[in-house]
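Residue numbering restarts at 1 for every chain, and letters A, B, ... go by the order of the sequence lines.
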Amino acid sequence: MMQQTSDKKWFDELTLELRLRQVHGSAIGDTLASARELLHDTGQSAKEAFGPARQYAASLELPSTPQFAWVRKSLWPLLLGLLAFLLFSQAVVSLVQAEQLLVSPAQFALLLIPVVLIALLPLYIDAAVRHFWILMVLVMMGSLSGAFSALVAPKTPAEAWLAVDPLPCVIGSALVMIAQSVFNTVRTLRSTSDDDIIDPLAVKQSSATGTKIFVHVTNWLFPIYALAVLGLTLALN
Amino acid sequence: MEVTTSGPATAEGVEWPSDWLRATLGLLALRALSAGPSYGYAIISELERHGFGTIKGGTLYPLLTRYETAGLVSTEWRAGDGGPGRKYFDLTERGHAELARLSADWFHFSQLSTDYLDPERRPKEPSV
């Protein structure tokens, strides 16, 4: 029982390490199945047979996509969506209250924190995935900066550094979020993804319906959040 | 002072220096596959039966993966009877050629090493 638990942890770690190395899903599936085959034959524990998961993943030198291909494919669109969402959530409050969108330097700096945290993700993503507390610290930093930005928001145009009509900001940011979500949805539908971990012995395997739905929902996260912000603002108003 | 670390123990209790096994395991694995397609545990058992000790999966599989990438072996998954499926490795033509080349080189190298280590067989060095 204990060996099963430690083996499961080892296999989870191996999958994570191979993911971090951008190894194709089919190669990950093949590696996991090979390891299971040998453990079944020898009766050894995973760590005994293969050593630490991280070291084993590194030693395999499996085919992978270029290390930072995901930055262009996923990170920059995510950053654009986040910027649009931040602008929308600030502007929609002013629009509902029939006021100008007022921005102070402190508020602007605080709103930039989550943007910078995401832009610098390639530098620390490995550490954040391996150590859960780092991920928690980053989420806390992003959340607190959002909360503090509301506290330092200017109350009058005299306090503001920038005062603009919120309507174009709301429309523009909403259009960016929708366009980005449509683009991502089309790309998801067309892609022959090599992300899925494929069991080499399965005759035919496709992503589970739940996974597909989850991917489509994530494509529309920013518009969904924006609608929630709009609803909350209208309710509070 | 010991400059080499011990490798896996054989059935006779001999522990070959791990450096030796690291250097020769590739050639030995190709040889183990020369009789026909085989899978991880069978290759390990074959090498153990011939006195090389128990090779770990963490040592063998990265090597086989590199050989697969280099086109020296091809692989095929076959369903297992009552257990998980097995990944069979098979030498390609290129793999057979590489085995022949490495074997010839190894015989030459081992002969040189044996001659050098045995004072009786070592050629006399010219006196200065």
Contact summary for B:Gly58 and A:Phe50, nearest pair of heavy atoms: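 For B:Gly58 and A:Phe50, the tightest heavy-atom pair comes out as N-CD2, 3.5 Å.
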Please report the shortest heavy-atom distance between A:Tyr56 and B:Gly57, naming the atom on each side.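 So the two residues come closest at CE1-O, 4.3 Å.
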Judged by atom type as modelled, is there a donor-acceptor pair below 3.5 Å linking the side chain of A:Glu37 to the main-chain atoms of B:Lys87?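 Looks like yes, one N/O pair under 3.5 Å.
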Counting heavy-atom pairs under 4.5 Å with chain A, which one of B:Arg86, B:Lys56, B:Glu68 comes out on top?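 Among B:Arg86, B:Lys56, B:Glu68, the one with the most close pairs to chain A is B:Arg86.
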Side chain / backbone / both / neither for B:Ile44 at chain A, heavy atoms under 4.5 Å: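 Answer is side chain: those atoms of B:Ile44 sit under 4.5 Å from chain A.
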Which atoms of B:Arg66 are under 4.5 Å from chain A, going by heavy atoms: the side chain, the backbone, both sets, or neither?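 Looking at B:Arg66, just its side chain touches chain A.
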Is it true that, when you exclude [X] itself, more than 12 heavy atoms of the residues, nucleotides or ligands shown sit nearer than 6.0 Å to its [atom1]?
| X | atom1 | value |
| --- | --- | --- |
| B:Tyr88 | OH | yes |
| A:Tyr124 | OH | yes |
| B:Glu76 | CD | yes |
| A:Met136 | CE | yes |
| A:Tyr225 | OH | no |

Rounded to the nearest 0.5 Å, how far does [atom2] of [Y] lie from [atom1] of [X]?
| X | Y | atom1 | atom2 | value |
| --- | --- | --- | --- | --- |
| B:Thr65 | A:Asp30 | OG1 | CG | 8.0 Å |
| A:Leu60 | B:Tyr61 | CG | OH | 11.0 Å |
| A:Ser34 | B:Phe89 | OG | CZ | 5.5 Å |

Check whether A:Leu62 gets within reach of chain B through its side chain, its backbone, both or neither, counting any heavy atom under 4.5 Å.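 A:Leu62 touches chain B through side-chain heavy atoms alone.
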How far apart are the C-alpha atoms of B:Tyr39 and A:Leu38, what are their side-chain angles, what is the distance that settles it, and do they pass the side-chain contact (heavy atoms from CB on, under 4.5 Å) test? CA-CA 9 Å; B:Tyr39 54 92; A:Leu38 189 71; over 6 Å; no
Pick from A:Gly51, A:Ala33, A:Ala27: which one has the most heavy-atom pairs with chain B under 4.5 Å?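 Option with the greatest count: A:Ala33.
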